[in-house]
Protein chains: 2
Amino acid sequence: MADLKTPHHPLFLREEELRYSIELMFFAYRDFTAEADTMLASCDLGRAHHRVIYFVGRNPGINVSDLLAILNITKQSLSRVLSHLITDDYIHQEQGTTDKRQRLLSLTDKGKTLEHDVTMIQRRRFAQAFKSVSTNDVTGFISVMEAMLDDKTLPLLRRTPMTRMK
Amino acid sequence: MADLKTPHHPLFLREEELRYSIELMFFAYRDFTAEADTMLASCDLGRAHHRVIYFVGRNPGINVSDLLAILNITKQSLSRVLSHLITDDYIHQEQGTTDKRQRLLSLTDKGKTLEHDVTMIQRRRFAQAFKSVSTNDVTGFISVMEAMLDDKTLPLLRRTPMTRMK
DNA sequence: TTTTTAAGTCAGCCATGTTGACATATTTTT
DNA sequence: AAAAATATGTCAACATGGCTGACTTAAAAA
């Protein structure tokens, strides 16, 4: 029993560390999304709408298939939010030139403004968090988060200059 | 315009770094929860059930009010999953001794087994992620995630020995 | 004794995911 | 040219897990 009290008992630390991380994931994600959700609700939109606006803004001219691959939801689910966003003039749709079956999506000015405002809230939270820790901690955060991803998720991520730098 | 191409332009890096973090948060949380959801579905349970089982397991004898404070949902929402878990003998309920109005919750053996199995999946993902990075990266991850939390979330978190160590 | 608190219940609504079946236009293959 | 595959969209139905509002019961506190 005595060894349970030594400061570096590996098994105990590991178990607690892993549980602590699980809880951080739950609480941090919840707090991370809460503020943005509030602003979205004031525009009669939900988190699903923000995701679409975010990734269309990030990938102007993306087609529906590729957007579905990023979001990993069914086209019926996407259809609901996407038609809403098109009706309310957040997103513009135009026929593909090389492949006329495709609908290429991009943000309208209204969509760009909303995307900027909502994402700003989330950027601000990360900016504040990063400000309170060391740059070393930030690269550690990014490394761990990257290591949490499924292999199939990696190609969906745009690598930042920062990540490439190290 | 030339300064936009210098390798360490701070504004550009910051913007990209923050967007990259937002995307990591989205993708990592999604991949993190997906496996456990699959196992839960095979028991006819959802993510909400796991949360209840997890936090009851973590706080044996917790009363309903305190559990609601952790989960941050309405009692009607909790009621739905909790009665399910009690009916299916995952959670045991007993009257409080000092305050007889309270219902103190704890896991049955069946509940403990399920909690262990489902949480194991999530622990394993973190364990694998941590194995692929440095201990420094792990503490960085934890520091950033802690800094992401709302002030009101902090008291809900159990601090690990590790966190206290540094 | 009155009021507050802890817990539970009923009823209905909303957002966002799912499946299955099918339609239409266009591109690709044979 | 005909057939098959692809990109997109649509209708209908369902599940999960949030929400609000209204109301009850039992016990504790004032």
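Every value quoted in this text rests on a predicted model; they were computed, and no experiment measured them. Here is the naming used below: chain letters follow the sequence lines, and residue numbers restart at 1 for every chain.
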Problem - Side-chain heavy atoms of Asn72(B) within contact of Lys152(B), under 4.5 Å - result: yes

Fill in the blank from the handout: Sorted by position of nearest nucleotide on DNA chain C, 5' first, the leading residue of Val81(A) and Leu82(B) is Leu82(B)

Problem - Spacing between Leu85(B) atom CG and dT16(D) atom C1', to the nearest angstrom - result: 14 Å

Exercise for the section: Taking all heavy atoms of Met145(B) and all of Ala28(A), pick out the closest pair and write down the distance. Expected result: CE-CB, 3.7 Å

Practice task
Mark yes or no for a side-chain to base donor-acceptor pair under 3.5 Å between Gln76(B) and dG21(D), with no hydrogen or angle criteria applied.
Solution key: yes

Practice task
Send over the distance from Asp99(B) CG to dA29(D) P, rounded to a whole Å.
Solution key: 6 Å

Problem - Side chain Lys100(A) and base dT26(C) donor-acceptor under 3.5 Å - result: no

Exercise for the section: Quickly work out the Asp37(B) CG to dG17(D) C1' distance and round it to whole Å. Expected result: 12 Å

Problem - Sugar-phosphate, base or nothing in reach of His49(B), heavy atoms under 4.0 Å - result: sugar-phosphate

Exercise for the section: Could you check how far CZ of Phe26(B) sits from C1' of dT16(C), rounded to whole Å? Expected result: 13 Å

Handout entry: Any donor-acceptor N/O pair under 3.5 Å between dT27(C) base and Arg101(A) side chain
Key = no

Practice task
May I have the distance from Gln95(B) (atom CD) to dT25(D) (atom P), rounded to whole angstrom?
Solution key: 17 Å

Exercise for the section: Compare side-chain N and O positions of Ser79(B) against OP1 and OP2 of dT9(C) and report whether any pair is under 4.0 Å apart. Expected result: yes

Completion exercise
Regarding the side chain of Arg47(B), the nearest nucleotide among dC19(D), dC11(D), dG17(D) is dG17(D)

Handout entry: Contact check, side chains of Asn136(B) and Thr139(A), non-hydrogen atoms, under 4.5 Å
Key = no

Completion exercise
Atom CG of Asp44(A) and atom C1' of dT16(C) are separated, to the nearest Å, by 16 Å

Practice task
Would you tell me if any nitrogen or oxygen in the side chain of Gln93(B) comes within less than 4.0 Å of OP1 or OP2 on dG8(C)?
Solution key: yes

Practice task
Specify the separation, in whole Å, of atom NE2 of His50(B) and atom P of dG18(D).
Solution key: 14 Å

Practice task
Would you check if the side chain of His116(A) reaches a backbone N or O of Thr113(A) as a donor-acceptor pair within less than 3.5 Å?
Solution key: no

Exercise for the section: Would you classify Ser65(B) as touching base, sugar-phosphate or nothing, given that sugar-phosphate means primed atoms plus P, OP1 and OP2, and contacts are heavy atoms under 4.0 Å? Expected result: sugar-phosphate

Practice task
Would you tell me if any nitrogen or oxygen in the side chain of Thr74(A) comes within less than 4.0 Å of OP1 or OP2 on dG17(C)?
Solution key: no

Practice task
Give a yes/no answer on whether the side chain of Ser77(B) brings an N or O atom under 4.0 Å of OP1 or OP2 in dG17(D).
Solution key: no

Fill in the blank from the handout: From the candidates dG8(C), dC19(D), dT8(D), the one with an atom nearest any side-chain atom of Arg103(A) is dT8(D)

Handout entry: From dT8(D), dA6(C), dG17(C), nucleotide with atom closest to Gln102(A) side chain
Key = dT8(D)

Problem - Flag side-chain contact, heavy atom, 4.5 Å: Val52(B) against Tyr90(B) - result: no

Practice task
Please confirm whether Phe130(A) and Tyr20(B) have ring centers closer than 6.0 angstrom.
Solution key: no

Practice task
Please evaluate the base of dG18(D) for a donor-acceptor partner in the side chain of Arg80(B) within a cut-off of under 3.5 Å?
Solution key: yes

Completion exercise
The answer to which of Thr98(A) and Ala48(A) contacts DNA chain C further toward the 5' end, by nearest nucleotide, is Ala48(A)

Exercise for the section: Rounded to the nearest angstrom, tell me the gap between atom CG in Leu78(B) and atom P in dC19(D). Expected result: 11 Å

